[in-house]
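Before any comments, here is the structure.
One-based numbering along the sequence shown. In this text the structure is predicted, and so the values were computed from the model without any measurement. Just the heavy atoms: all of them, side chains too, but no hydrogens, waters or symmetry mates, feed the values below.
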Amino acid sequence: MSTPMKRWQRKGTVIMAAVLFGIAAFATTTRTWLNVQLPRTAVQTPDLAVSGSDAATAVTAFAVVAITAGLAASIAGPVARWIVSVILLISGVGVAAASYTVIADPEQGAAGAIGQAIGVSGATGTVVTLTALPWAALVSGILIAITGVWLAVASRGWKSSRRYAPSTAAAPAAATASTDTAGTPSASASTKGTEAGAASAEEDNGPEPIDDIDSWDRLTRGDDPTNYR
C-alpha cells in the first residue's frame with residue numbers, strides 16, 4: 001500500500017503557490033511604487049506617481065515568466081519539471097533583485113518619469129519616497145524562488161500522467177480475430193458462401209422479370225429491356 005502524499009507535496013498546492021506568487025509580483029507593478037515631488041518652479045504639477053512597471057520593468061517580465069512556468073508545471077514530465085523549477089528560481093531572484101534596486105536607489109527608479117516631466121532626469125529639490133509595494137514585490141520574488149526549490153523537491157513523488165497512454169482494450173479482440181482465422185471459418189465467411197450460392201442459382205435460372213424502373217435503367221445503359229430471359 002502506497003504512503004499517502006502529504007499536503008505540501010501535492011501538485012495542486014505547489015502549482016497554485018507558484019502562480020499566486022507570480023500574480024502577486026505582477027500586481028504590484030500596476031500600482032504606485034514611487035511618489036515624486038518635483039521643484040515647484042520646474043513644473044506646474046510637481047507631484048508624480050511612478051508605477052512599478054515604470055520604475056522596474058524587469059519585475060513585470062520576470063513575474064509573467066513565473067506565472068507561465070507555474071502553469072506549465074501542471075503538464076510537465078519529470079525532466080521538464082526540473083527545468084520549470086530552475087525557471088521559477090531564476091524568475092524569483094530576478095523579481096527580488098529588480099525590486100531591491102529600486103528600494104536601494106529610488107531616485108534612479110524615478111529618473112525616467114522625472115525626465116519626461118521636466119526634461120532632465122535629476123533636478124535640485126526633487127524628493128522621491130517609496131511606497132510599500134516595492135517591498136511587497138521583493139517578498140514575492142523571494143517566495144517565487146522558494147517555490148522553485150519546493151517544486152523540485154515535491155515533484156519527485158508525483159506520478160506521471162497516463163491520460164494519453166495507448167489503450168489495451170483492443171488486444172482481446174485482436175486475439176479472437178486471429179483465432180477465428182487460424183481455426184474454423186468465421187461467420188462472415190459462411191455468409192459470403194451463402195450469398196455466392198444464391199447468386200449462382202440465380203444465374204442458372206435466369207434473371208427475374210423486371211419492372212418499369214428496371215426497364216428504364218437498362219434502356220439508359222443501352223440494353224434491351226425486353227430481353228430479360
Side-chain angles (χ1 to χ4, degrees), residues 8 12-74 76 81-155:
W8 68 271
T13 303
V14 180
I15 293 173
M16 183 177 296
V19 174
L20 289 179
F21 294 151
I23 292 175
F26 181 83
T28 62
T29 63
T30 63
R31 301 297 179 181
T32 301
W33 277 32
L34 303 171
N35 290 317
V36 181
Q37 292 181 353
L38 296 174
R40 297 190 178 275
T41 58
V43 290
Q44 295 180 353
T45 305
D47 296 333
L48 294 177
V50 183
S51 64
S53 59
D54 293 330
T57 56
V59 173
T60 304
F62 281 120
V64 172
V65 172
I67 296 171
T68 306
L71 294 174
S74 61
R81 285 196 291 264
W82 282 97
I83 299 175
V84 172
S85 299
V86 175
I87 293 175
L88 284 173
L89 180 61
I90 295 174
S91 300
V93 172
V95 169
S99 302
Y100 181 77
T101 300
V102 175
I103 294 171
D105 190 1
E107 288 78 9
Q108 183 63 33
I114 296 174
Q116 292 180 354
I118 62 176
V120 293
S121 58
T124 305
T126 301
V127 178
V128 181
T129 57
L130 287 169
T131 65
L133 292 178
W135 294 99
L138 175 64
V139 173
S140 299
I142 295 173
L143 292 176
I144 293 172
I146 293 175
T147 304
V149 179
W150 180 13
L151 174 63
V153 175
S155 62

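- A66 and G22 make their closest contact through CB-CA, 4.3 Å (heavy atoms, listed as atom of the first residue, atom of the second, distance).
- In this structure, the side chains of N35 and D47 stay at 4.5 Å or more apart for every pair of heavy atoms.
- Here the closest heavy-atom approach between residue A56 and residue V102 is recorded as CB-CG2, 3.7 Å.
- In this view, T32 satisfies the side-chain hydrogen bond (donor to acceptor under 3.5 Å, both in side chains) rule with no residue, not counting sequence neighbours.
- With sequence neighbours excluded, the residues forming a side chain to side chain contact (heavy atoms under 4.5 Å, CB included) with A24 are S140, listed by chain and number.
- Separation of atoms CD1 (I103) and CG (L133) is listed at 10.5 Å; rounding is to 0.5 Å.
- Residues V95 and A63 approach most closely at CG2-N, 4.0 Å, considering heavy atoms.
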Inset, instruction - Take L34 and D54 through the side-chain contact (heavy atoms from CB on, under 4.5 Å) test and state the conclusion after the steps. - result: CA-CA 10 Å; L34 303 171; D54 293 330; over 6 Å; no
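- Rounded to the nearest 0.5 Å, atoms OG1 (T60) and CZ (F26) are 6.0 Å apart.
- Remark: A17 pairs with F21, W150 by the side chain to side chain contact (heavy atoms under 4.5 Å, CB included) rule, at least two apart or across chains.
- The minimum heavy-atom distance linking V50 with V36 is given by the pair CG2-CG2, 3.9 Å.
- The line from CG of L151 to CD1 of I15 is 7.5 Å long, rounded to the nearest 0.5 Å.
- For the side chain to side chain contact (heavy atoms under 4.5 Å, CB included) test, residues two or more places apart in sequence or in another chain that qualify with A69 are V84, I87, L88.
- When all heavy atoms of A25 and V59 are compared, the pair lying nearest together is O-CG1, 4.1 Å.
- Every residue meeting the side chain to side chain contact (heavy atoms under 4.5 Å, CB included) condition with I146, not counting sequence neighbours, appears here in chain and number order: I142.
- Under the 3.5 Å distance criterion, the side-chain polar atoms of W33 are matched with a main-chain donor or acceptor of T28.
- By the side-chain hydrogen bond (donor to acceptor under 3.5 Å, both in side chains) test, T131 pairs with no residue at all, sequence neighbours left out.
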Legend entry - side-chain contact (heavy atoms from CB on, under 4.5 Å) evaluation trace for V93 with F62: CA-CA 9 Å; V93 172; F62 281 120; over 6 Å; no
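- Minimum heavy-atom separation, G70 to A18: CA-CB, 4.1 Å.
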